[in-house]
Visitor: 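Once you've had a glance at the structure underneath, I'll fire off some questions.
Each chain gets a letter, A, B and so on, in the order its sequence line appears, and its residues count up from 1.
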Amino acid sequence: CSEHKDSSEKKHKDKEKTKHKDGSSEKHKDKHKDKDKEKRKEEKVGVSLELCFFACFCSPPRIKDEPDDDGFYASPKEDSKPLKRPREDDDADYKPKKIKTEDIKKAKKRKQEEEEVMWEEERYPEGIKWKFLEHKGPVFAPPYEPLPENVKFYYDGKVMKLSTKAEEVATFFAKMLDHEYTTKEIFRKNFFKDWRKEMTSEEKSTITNLSKCDFTHMSQYFKAQSEARKQMSKEEKQKIKEENERLLKEYGYCVMDNHKERIANFKIEPPGLFRGRGNHPKMGMLKRRIMPEDIIINCSKDSKIPAPPPGHKWKEVRHDNKVTWLVSWTENIQGSIKYIMLNPSSRIKGEKDWQKYETARRLKKFVDKIRNQYREDWKSKEMKVRQRAVALYFIDKLALRAGNEKEEGETADTVGCCSLRVEHIKLHPELDGQEYVVEFDFLGKDSIRYYNKVPVEKRVFKNLQLFMENKQPEDDLFDRLNTSILNKHLQDLMEGLTAKVFRTYNASITLQQQLKELTNPDDNIPAKILSYNRANRAVAILCNHQRAPPKTFEKSMMNLQSKIDAKKEQLADARRELKSAKADAKVRRDEKSKKTVESKKKAVQRIEEQLMKLEVQATDREENKQIALGTSKLNYLDPRISVAWCKKWGIPIEKIYNKTQREKFAWAIDMAEEDYEF
DNA sequence: CAAGTCACTTAGAAGCCGAATC
DNA sequence: GATTCGGCTTCTAAGTGACTTG
């Protein structure tokens, strides 16, 4: 543990160094040859300090000064105080003299710009993600428990006892019997093929037709089981809860450098049937059980290396501090690698998140130039350049995803911008009174449908016609383009720029602009929150974040409506009472009746407020029917915009972010002031 | 430069749980 | 006390994009 302390002291020395670097920035004055480079350097200096600031702020749960139960040591005292941010005058030397004449607004803006950062230089040298990493390894899925004797499986109407392996796979199917999946041809075919692989040779020769398999008894058994779980006594439930907490405490955390950090997914995915989204060619395939022998452990050389379960070995233990994962294994459906990584509240995720928004903010400065550029490129002599420019226009205007190529037959047929095919768009020279309308209809990520009719500029329209000439519906729309070409181009336009940055940028800028537009200073808090949700919704619509309308939607809407009706009646009653109290007071003219009037007045007001709140809620819910706000909130909206908005209007942050979200955005909550501008 | 590998972010659905309601 | 409902958490699939290899 003393080593932890050592390394953290080193860290502090590093911080000192950075400060010195900052102090020596006068040098820049003399070098005016390469302005861009110089500017980058300035920004780099800013980074390290900001990052330290960040690291100090954003890593709950913090380690206390005393070693805790787990023997984790705290970081030294100094670490627990945030480093001061660089003051403006620290680098005033190389600012042009003009600065004095600038008005305060400009100065403020400049200050914000200075806080922006270049990211190639991190707290650690080139690509190093941590210095110390210790964890307990993953938690494996519980072993299979064979069914009790009385739970039967029937084949062709006759009882059949399955071998344990075959039975396990059968239960996976039985558990999904109510799901639409099990009616799908591909699912059944894939399942049956993989199931047969697990059978003994006798089973294989008997069970030749899935339709003759009867899983209903098994299915009923599982339903009864889950029912029984619900009916458990408080004590039993408590016991399970405690066991889960123990597991979390033991395996749910790791130490990365000087912080104890929450792990996101410390449990290994249990075996089961693969559930792809949309029309997935591999749905129903058997996801095999992961064993310690499949597992690669990643941790520090000098940490306590997690022990594999008794009688087992890890596939490999490595010490790669250029990556952030703790555990990995290769999954058998797509052959891709799965990882165990840290929670979004961790330093390493938070920093990255912050970095993402800083890149998007940098795009703000370049975006006008880039837009002019692609407009020019629509006229280019080169087909490749035109396609690139039109694709970029879509990515920018419609917030489409980049659209990497995918291997045919391995995944559901979905596309993004660069992989759009001719069949995915229709061109309307005129539609509903608008000129040059492009009708998009395709399946995007997760097989979510993107449907949109967009009027575009004439040049774009003409280009699209050109791109579609002599092509079949299944041909690529942008046949000279892929994401790699596009991203290379973007990289030239701005360092760190890729297609996905446009989504982040447009989402965040839309939120900021919508908040400005929709917030009415005179509104009360619930109404302001409605405005926030509407701004959020505008972004979700832009990014096409949809959800299946909840099954209970209609019902819950009706419930809410009846609540509103009841409240309205209550209000009418209260108003009547107020009226009669007023009349009464007019006649009697005594103190007591005056007081009654006052209290009735208050009651009316209170009910009015409650009614309004309910009505707002109803509007909000109705508008949210098929739109999911969560994804944009979590992944696209610079949290500092929301924090600033809350501060500006005195809205408690809890109304916008729940506990988990506050943990994830701790850095932003600490950092952003009321006047933050994206 | 095409294909493959790897790391990491983004995504909606399912499951769970506690508060509200009957 | 039982049931319902909605929000939060968990789960893991499905993307992006950097990098490597042939």
Visitor: I'd like to know if A:Arg640 and A:Glu358 make a salt bridge, using a cut-off of under 4.0 Å between side-chain N and carboxylate O.
Guide: yes

Visitor: In terms of relative ring orientation, are A:Tyr450 and A:Phe440 parallel, tilted or perpendicular, with 30° and 60° separating the classes?
Guide: perpendicular

Visitor: So what does A:Lys445 touch, heavy atoms closer than 4.0 Å: a base, only the sugar-phosphate, or nothing?
Guide: base

Visitor: Looking at A:Arg318 and A:Glu316, is there a salt bridge between them, counting it only when a charged N and a carboxylate O are closer than 4.0 Å?
Guide: yes

Visitor: Heavy atom of residues 405-414 of chain A under 4.0 Å from DNA chain C: which residues?
Guide: A:Lys406, A:Thr414

Visitor: Kindly say whether A:Lys287 contributes a backbone atom to a donor-acceptor pair with the side chain of A:Asn332 at under 3.5 angstrom?
Guide: no

Visitor: Look at all strands and tell whether A:Asn404 reaches a base, only sugar-phosphate, or nothing, counting heavy atoms closer than 4.0 Å.
Guide: base

Visitor: May I ask you to say what A:Ala264 touches in the nucleic acid, namely base, sugar-phosphate or nothing, with a heavy-atom cut-off under 4.0 Å?
Guide: nothing

Visitor: Check every strand shown and say whether A:Leu634 touches a base, only sugar-phosphate, or nothing at a heavy-atom separation below 4.0 Å.
Guide: nothing

Visitor: Would you find a donor on one side and an acceptor on the other, under 3.5 Å apart, between the side chain of A:Thr182 and the backbone of A:Leu177?
Guide: yes

Visitor: Which part of the nucleic acid does A:Glu331 contact within heavy-atom distance under 4.0 Å: base, sugar-phosphate only, or nothing?
Guide: nothing

Visitor: Under a criterion of less than 4.0 angstrom to any heavy atom of chain A, what are the 5'-terminal and 3'-terminal contacting nucleotides of DNA chain C?
Guide: C:dC5 to C:dA18

Visitor: With sugar-phosphate meaning primed atoms plus P, OP1 and OP2, does A:Lys287 contact a base, only sugar-phosphate, or nothing at under 4.0 Å between heavy atoms?
Guide: sugar-phosphate

Visitor: Which nucleotide of DNA chain B is the first, and which the last, in the 5' to 3' direction, to come under 4.0 Å of a heavy atom belonging to chain A?
Guide: B:dC6 to B:dT21

Visitor: Is a salt bridge present between A:Lys406 and A:Glu410, judged by a nitrogen-to-oxygen distance below 4.0 Å?
Guide: no

Visitor: Has the side chain of A:Tyr357 got a donor or acceptor atom that lies under 3.5 Å from a matching backbone atom of A:Leu637?
Guide: yes

Visitor: Considering every strand and a 4.0 Å limit on heavy-atom distances, what is the contact class for A:Tyr339: base, sugar-phosphate, or nothing?
Guide: base

